[in-house]
There are 4 protein chains.
Amino acid sequence: MTAAPHPAPAARNARYLQIRAASRALAAPLSAEDCAIQSMPDASPVKWHLAHTTWFFETFVLVPHAKGYRAFDPAYRALFNSYYVAVGERHPRPERGMLSRPALEDILRYREHVDEAMGALFDQKDFSPEAKNLVELGLQHEQQHQELILTDVKHLFSRNPLRPAYLRQWPLTTIQARKPRWIGSQGGVAEIGHAGEGFAFDNELPRHRVWLEPFEIASHPVTHGDFLAFIDDGGYRRPELWLSAGWDTAQKEGWQAPLYWTQRDGAWTCFTLHGEAPIDPNTPICHVSFYEAEAYARWAGARLPSEAEWELAAQSHREKCAHDGNFVESGALHPLALRESPPDGQLAQAFGDVWEWTRSDYAPYPGFKPASGAVGEYNGKFMSGQYVLRGGSCATPGAHIRHTYRNFFAPHARWQFSGLRLARDA
Amino acid sequence: MTAAPHPAPAARNARYLQIRAASRALAAPLSAEDCAIQSMPDASPVKWHLAHTTWFFETFVLVPHAKGYRAFDPAYRALFNSYYVAVGERHPRPERGMLSRPALEDILRYREHVDEAMGALFDQKDFSPEAKNLVELGLQHEQQHQELILTDVKHLFSRNPLRPAYLRQWPLTTIQARKPRWIGSQGGVAEIGHAGEGFAFDNELPRHRVWLEPFEIASHPVTHGDFLAFIDDGGYRRPELWLSAGWDTAQKEGWQAPLYWTQRDGAWTCFTLHGEAPIDPNTPICHVSFYEAEAYARWAGARLPSEAEWELAAQSHREKCAHDGNFVESGALHPLALRESPPDGQLAQAFGDVWEWTRSDYAPYPGFKPASGAVGEYNGKFMSGQYVLRGGSCATPGAHIRHTYRNFFAPHARWQFSGLRLARDA
Amino acid sequence: MTAAPHPAPAARNARYLQIRAASRALAAPLSAEDCAIQSMPDASPVKWHLAHTTWFFETFVLVPHAKGYRAFDPAYRALFNSYYVAVGERHPRPERGMLSRPALEDILRYREHVDEAMGALFDQKDFSPEAKNLVELGLQHEQQHQELILTDVKHLFSRNPLRPAYLRQWPLTTIQARKPRWIGSQGGVAEIGHAGEGFAFDNELPRHRVWLEPFEIASHPVTHGDFLAFIDDGGYRRPELWLSAGWDTAQKEGWQAPLYWTQRDGAWTCFTLHGEAPIDPNTPICHVSFYEAEAYARWAGARLPSEAEWELAAQSHREKCAHDGNFVESGALHPLALRESPPDGQLAQAFGDVWEWTRSDYAPYPGFKPASGAVGEYNGKFMSGQYVLRGGSCATPGAHIRHTYRNFFAPHARWQFSGLRLARDA
Amino acid sequence: MTAAPHPAPAARNARYLQIRAASRALAAPLSAEDCAIQSMPDASPVKWHLAHTTWFFETFVLVPHAKGYRAFDPAYRALFNSYYVAVGERHPRPERGMLSRPALEDILRYREHVDEAMGALFDQKDFSPEAKNLVELGLQHEQQHQELILTDVKHLFSRNPLRPAYLRQWPLTTIQARKPRWIGSQGGVAEIGHAGEGFAFDNELPRHRVWLEPFEIASHPVTHGDFLAFIDDGGYRRPELWLSAGWDTAQKEGWQAPLYWTQRDGAWTCFTLHGEAPIDPNTPICHVSFYEAEAYARWAGARLPSEAEWELAAQSHREKCAHDGNFVESGALHPLALRESPPDGQLAQAFGDVWEWTRSDYAPYPGFKPASGAVGEYNGKFMSGQYVLRGGSCATPGAHIRHTYRNFFAPHARWQFSGLRLARDA
């Protein structure tokens with residue numbers, strides 16, 4: 001991981017507290033019961049997210065760097081370890097939902113205990129650069145779990161016949177979708193990966209050269225309306241449109257539409273964080289797997305972009321886009337249609353709204369080196385069997401995203417806000 | 001079901017409220033989180049038990065018999081239906097743990113709503129005998145779920161590495177176990193099944209004749225100490241002691257001891273409702289499956305009794321035994337050793353402490369007729385693939401048990417307080 | 001097991017060779033490929049049946065009783081052991097279909113090797129009664145596997161889209177079915193179980209008393225035509241007709257008709273050992289599970305008989321019936337309609353045609369003692385989770401059957417020729 | 001697919017017959033029983049391979065291009081279709097082992113029938129270029145299945161406790177392994193993919209540019225001896241060496257060594273097509289999954305090469321290497337140690353011996369276009385979830401391999417002759 005420039009103690013603490021408070025705020029509309037349940041092995045209880053992010057600071061920052069730090073509860077070391085083998089024992093992932101104890105209120109006190117100790121640490125003179133980097137990593141890590149709090153609770157609520165809403169402010173503003181244009185690129189030798197001083201994960205490094213053939217990429221992501229046309233054209237019944245593994249998965253799982261869709265009296269609705277809602281055709285499609293995205297692209301006579309193509313296309317206007325995006329801070333918690341399209345040659349909605357599947361498997365960049373120590377398990381060991389997504393979603397904290405940011409999920413995963421943007425050979 | 005003699009309105013209401021309050025009291029030491037989680041498909045969340053028993057009165061008593069009754073929430077009709085196909089839709093059993101909503105406090109208000117309506121109904125003049133019988137059935141049903149509240153929360157807590165205690169009052173009094181004697185019976189034509197005016201489930205009827213060969217039955221149940229000798233003698237490693245299906249299950253599940261046992265530094269402990277505890281060799285063994293009970297009996301040169309043998313042996317002193325038993329009201333919530341042995345020819349601990357597996361499959365008695373209406377699904381449809389247990393346990397309400405009472409579980413089930421008593425041919 | 005009276009050496013050998021030849025004859029229409037494949041874990045390759053029955057004589061008769069006997073191949077000891085733990089290692093049951101080697105011709109030579117050694121043994125002076133009993137057990141065992149050869153190859157062929165016929169002599173004679181009458185019995189104390197000198201398995205012993213309430217039993221088994229009426233009346237779509245475990249199984253497996261039935265253009269056909277054939281409504285129904293039999297009986301306003309009821313009803317005319325039955329020797333290999341009905345008060349088709357499910361779980365008779373030695377694993381260890389069938393089928397050798405004979409299968413099993421006869425309370 | 005230059009009719013037929021005969025020869029040591037059994041869903045019976053390759057010519061060449069061609073058996077159209085959805089119905093893959101009929105001899109007659117019709121077609125004047133291309137594709141396809149015949153029968157024999165040998169000519173010559181050297185490459189813009197007139201699959205096209213950072217690649221593949229050191233160093237017990245998905249797979253499957261290895265009295269042996277054999281430390285390692293290859297490389301302080309790196313390194317001496325390789329024609333049917341090492345800068349054993357896992361997921365090359373028609377399903381639809389292997393193995397026909405050839409398997413697959421060669425950043 002590259003280190004961000006380090007702010008002064010007070011600012012450091014303020015930023016720390018702001019990000020920590022954001023996690024707490026996400027849990028505010030939820031009851032202790034909502035926070036305790038695990039709805040599938042891929043998802044975790046909200047309470048676990050609140051504890052695990054705290055465990056990260058305790059384990060990687062406080063225990064090695066804060067003299068005299070007293071662990072809140074020694075049992076938490078194994079209980080809230082996600083997958084860090086080097087740290088020792090781990091409570092098994094599918095068992096996270098068995099933990100009615102510790103109670104949510106115990107976890108909130110755990111958060112306060114750690115936040116206090118972190119405040120004290122920030123004031124220490126000998127706060128080492130290594131510790132600073134681990135704090136930054138912990139904050140980035142916490143932001144990732146903020147997104148998972150929302151996607152996991154959405155999944156839980158979707159399993160409840162009462163169809164509860166996390167937030168109720170529907171209908172969201174409806175805007176007519178713009179027709180996408182093709183934006184061309186000449187290709188050649190390009191550079192991708194993180195550069196400069198800001199924070200980046202180890203998987204965004206090193207910056208390196210790639211060769212790209214000329215290509216075109218769509219100005220806008222695929223919308224719910226586009227995807228309805230795919231369904232209406234028999235998209236889920238035509239094996240020739242699908243990768244073999246995708247077709248097998250779709251048959252086994254009985255997929256007939258994206259996750260959270262229900263057909264009632266011929267009309268499709270979808271479950272949102274605002275409860276059940278009609279499909280808005282103008283908004284970017286979400287909750288599709290890599291397989292569905294790939295099949296859609298074939299049906300549309302196009303393909304998914306590679307992650308290098310996506311990064312190159314987003315690079316020139318990365319600052320502006322990232323500011324305008326529909327991130328978690330907008331409160332929409334659902335992809336939106338765009339009020340105004342960007343100037344020619346720029347991608348609309350590249351950042352926020354929905355993660356965009358690319359055709360690139362999640363693999364190490366040439367020269368990749370995992371971070372040293374236990375945090376080296378953060379990214380590298382997951383580099384097989386997954387595909388890269390880019391750009392962040394309506395559940396991502398805006399400050400968390402970069403144009404070099406690589407998210408990754410298994411090709412069948414659908415519970416994230418995952419959509420797509422088309423590309424084609426020039 | 002046979003009808004109990006019907007008490008006057010006030011008494012009726014008092015009895016109703018007393019049993020309903022007992023359920024509520026069992027949940028008192030638990031948090032909303034404890035009550036929301038389902039630890040395995042066989043178990044249900046405590047909240048679900050509290051709701052489903054209430055649903056029973058609402059669906060089978062109030063809706064058909066209380067004029068103008070307004071349902072607390074129409075969605076509950078499907079949500080808290082366990083398996084009554086005739087009532088309509090059912091929320092799937094393994095999904096009961098997905099219901100973070102309705103909240104525990106909603107369920108407690110649901111209980112109050114129904115209890116009020118029931119109180120009003122009791123005062124009605126035209127309270128029909130049919131309604132009275134359904135009320136009694138509902139109360140018996142509620143008592144069954146009281147036991148399940150305890151066994152299900154015990155299972156949940158056992159999955160938590162923190163090993164929480166439901167109640168902490170260990171150590172329980174330790175008493176030296178008595179050596180069991182054999183009690184003989186001449187057999188011949190005997191009668192089993194319910195007779196008389198008191199309540200009984202339809203599966204205890206009709207009273208009928210059976211032929212029994214001469215047999216002997218043990219005065220005391222098998223103890224933890226006895227079972228340790230079986231383990232020490234390689235009981236879990238000797239296929240010749242087991243039924244074939246039992247051995248296959250034991251291998252697949254990796255059984256090396258009863259459920260909830262852990263070996264630490266060579267010594268066995270077990271998880272109880274008081275937390276982790278040492279094994280007390282003097283107390284009746286519990287948390288063994290039919291398969292383990294059957295293998296133990298073969299190892300001991302004996303066999304399990306048939307349910308008819310058990311009932312015949314318990315018949316003569318059924319009143320006395322049932323009074324003395326270690327039921328849920330004792331607060332021990334764990335089997336205990338007996339202070340004094342009963343007179344010669346009487347069974348010790350036949351009632352309470354642990355359910356005793358019999359060698360009888362759960363089948364209809366000759367002439368069995370399921371109750372009419374939806375409550376006919378109560379017992380009859382489960383009459384395959386299960387074995388009968390007798391006598392109640394330390395988690396059963398004492399007033400719920402009769403010597404003709406037939407409990408039943410699958411032969412691999414271990415999470416009930418299930419033990420055994422030996423028998424042999426005379 | 002009780003011993004049959006022992007014939008003289010020559011007769012003994014003749015009987016031995018006749019039964020052994022019958023197994024060989026069953027394999028005659030099959031290729032080596034047909035004999036090698038295992039179509040499901042419950043079924044075994046024909047080659048395995050031919051080898052295992054031979055292994056039985058080698059292991060239990062020749063090795064302990066024939067001086068100087070040289071094993072055909074020492075590897076066969078584990079390879080063809082079915083489930084005798086006391087004999088040592090066993091090749092896992094689901095792997096029986098991996099054995100392309102030894103070749104079918106090797107197994108046929110193995111049979112000759114063992115048959116020669118057995119012939120020599122029969123001539124020995126000191127041929128002990130114990131050995132004689134084991135020979136008889138081996139022959140009874142071989143007859144059981146003769147039936148399995150047919151049911152297992154039927155299952156294999158049913159999985160082949162070419163729908164090959166084992167034998168082609170369709171159509172079988174069609175005869176109008178007779179309407180069944182109810183045959184009454186007064187019940188009381190009755191005796192069941194084997195008596196006398198002939199051979200019986202240990203599970204038919206000891207003969208013992210039971211009490212029976214008055215009952216009626218149908219003169220004829222349920223026919224294909226009867227069962228079609230059940231299907232047409234929604235039998236497979238009405239959960240109220242089914243045991244809970246039966247309904248769950250039917251849903252999970254997608255049962256809509258008995259095994260081997262296919263609907264083509266609205267008409268049902270079934271796969272037989274003669275290939276695909278139309279349903280003949282006059283013939284006894286077969287290939288139904290216990291669950292389907294039990295649901296049919298409920299739909300018909302009746303119930304399944306207990307095994308004691310069946311045995312009592314069949315007892316008086318057991319000799320005559322057993323002679324007339326449609327057993328494997330008839331060559332029909334399918335249940336047939338009856339040419340003439342028996343006199344009043346006698347069961348038609350009690351023996352042969354189809355095995356008849358009873359309501360009795362497969363349990364030890366009072367006083368049951370398994371045979372001593374490894375053959376004690378023959379029956380006793382399977383006494384849980386199965387139901388008793390009576391009377392033999394069109395695939396059973398006629399000489400193998402007795403009115404006290406207890407067959408047993410899991411309640412979901414359908415690949416045997418299993419049907420039913422109704423009973424009801426008087 | 002690019003077309004090979006088309007030879008004259010007689011030569012065409014000779015080449016066709018030679019390749020077809022090679023398949024037949026591979027089945028010669030096998031019995032009909034050996035050819036009928038499917039040992040796991042990934043593998044197919046040899047009989048099926050013999051039929052399916054014939055089906056390919058019948059379906060894609062004879063039916064559309066040979067006037068008046070009469071199908072050998074219309075049922076084979078579905079029976080031996082592997083995965084061509086466009087061709088219609090398919091017999092399910094895991095059911096291939098149910099086909100005791102058609103018999104092996106029927107399939108051999110099917111082969112003759114098709115070969116005759118192909119011979120007649122070759123003589124036709126109007127034999128179109130399209131047909132010629134499909135013939136070539138069919139021959140390449142047949143060569144692929146020749147390799148699978150060997151790997152699938154090896155798997156079948158490994159499941160048989162008798163450990164049969166396909167061929168018995170052990171010991172193979174033992175030669176001392178050479179220590180590998182690192183061969184450097186400067187990287188930069190390189191070209192990979194097929195060029196020129198010879199045949200290539202569509203997945204090798206189009207030839208295109210890639211950017212490579214400087215790298216080094218090992219002169220020799222990793223040997224059995226190297227891999228033993230990894231095992232001895234706890235390689236299978238150290239999660240930090242593994243990808244997360246690899247570690248999970250290894251735990252679930254209980255991997256402790258490559259496939260086919262057995263430890264007896266402390267020494268490792270492996271099952272080969274010559275039967276059980278001691279490990280020869282000098283020969284290239286095989287039967288490792290991508291996960292094991294990747295973990296080994298990390299343990300060795302190196303990494304797997306990308307497929308572009310491999311192709312670039314093999315490019316300069318591709319002709320020579322391919323001639324010298326240990327392919328199926330050598331008859332060794334097992335990887336061998338190299339007699340002499342190649343000149344500096346050249347890869348040893350790049351072709352033949354073992355397929356070499358690369359770090360590249362199997363993805364479409366930029367500009368990839370699947371072949372048109374049903375044969376477009378040949379490659380493209382499998383481009384997810386698999387990794388690329390290069391160079392062919394001791395079971396591959398030598399004439400089948402090119403330096404641009406892309407084989408692909410799932411990361412957990414081990415039943416191919418799959419090994420690895422190390423690479424590292426320069």
Side-chain angles (χ1 to χ4, degrees), chain C residues 27 29-41 43 45-48 50-51 72-81 88-92 94-108 110 152-166 168 271 275, chain D residues 27 29-41 43 45-48 50-51 72-81 88-92 94-108 110 152-166 168 271 275:
Chain C
L30 301 173
S31 70
E33 294 164 80
D34 293 334
C35 293
I37 296 173
Q38 180 172 34
S39 60
M40 64 168 171
V46 170
K47 184 166 70 177
W48 188 90
L50 294 174
F72 182 74
D73 186 328
Y76 288 14
R77 185 173 175 89
L79 217 49
F80 298 119
N81 181 356
E89 289 295 301
R90 296 157 307 286
H91 187 59
E95 300 273 310
R96 291 176 185 167
M98 292 299 114
L99 304 176
S100 64
R101 319 272 180 99
L104 175 59
E105 57 189 25
D106 293 328
I107 298 307
L108 296 180
Y110 178 36
D152 290 1
V153 87
K154 181 171 181 177
H155 188 263
L156 170 64
F157 282 0
S158 79
R159 300 278 294 276
N160 190 325
L162 302 180
R163 313 296 266 168
Y166 170 80
R168 220 178 255 299
F271 183 70
Chain D
L30 301 172
S31 70
E33 293 165 79
D34 293 333
C35 293
I37 296 174
Q38 179 172 34
S39 60
M40 64 168 170
V46 170
K47 183 166 71 177
W48 188 90
L50 294 173
F72 181 76
D73 185 328
Y76 288 14
R77 186 174 176 87
L79 217 48
F80 297 119
N81 181 356
E89 290 296 302
R90 293 157 310 285
H91 187 60
E95 301 272 311
R96 289 175 186 169
M98 292 298 114
L99 304 177
S100 64
R101 319 273 179 99
L104 176 59
E105 58 188 23
D106 293 328
I107 298 307
L108 296 180
Y110 177 37
D152 290 1
V153 87
K154 181 172 181 177
H155 187 264
L156 170 63
F157 282 179
S158 78
R159 299 279 292 276
N160 190 325
L162 301 180
R163 313 297 265 169
Y166 170 81
R168 220 179 254 298
F271 183 71

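No experiment lies behind these values; they were computed from the predicted model shown. Keep in mind that the numbers below use all heavy atoms, side chains included, and drop hydrogens, waters and symmetry copies. Residue numbers begin at 1 in each chain, while the letters A, B, ... track the order of the sequences.
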What's the shortest heavy-atom distance between Pro164(D) and Arg101(C), and which atoms? CB-NH1, 3.9 Å
Do you know which of Gly97(D), Ala78(D), Ala75(D), Cys35(D) has the most heavy-atom pairs with chain C at a distance under 4.5 angstrom? Gly97(D)
Between atom CE of Met98(C) and atom CD1 of Ile37(D), what is the distance when rounded to the nearest 0.5 Å? 6.5 Å
Measuring from Asp34(C):CG to Leu99(D):CG, what's the distance to the nearest 0.5 Å? 11.0 Å
Can you tell if the side chain of Leu162(D) reaches within under 4.5 Å of the side chain of Leu79(C), non-hydrogen atoms only? yes
Not counting sequence neighbours, which residues clear ring-ring contact (aromatic ring centres under 6.0 Å, His included) with Tyr166(D)? List them please. none
Atom of Glu33(D), atom of Pro102(C) and distance for their closest heavy-atom approach: OE1-O, 4.1 Å
Ser100(D) to Leu156(C) - nearest heavy-atom pair and separation: OG-CD2, 4.1 Å
For Glu95(D), is the CD atom crowded, meaning more than 12 foreign heavy atoms sit under 6.0 Å from it? yes
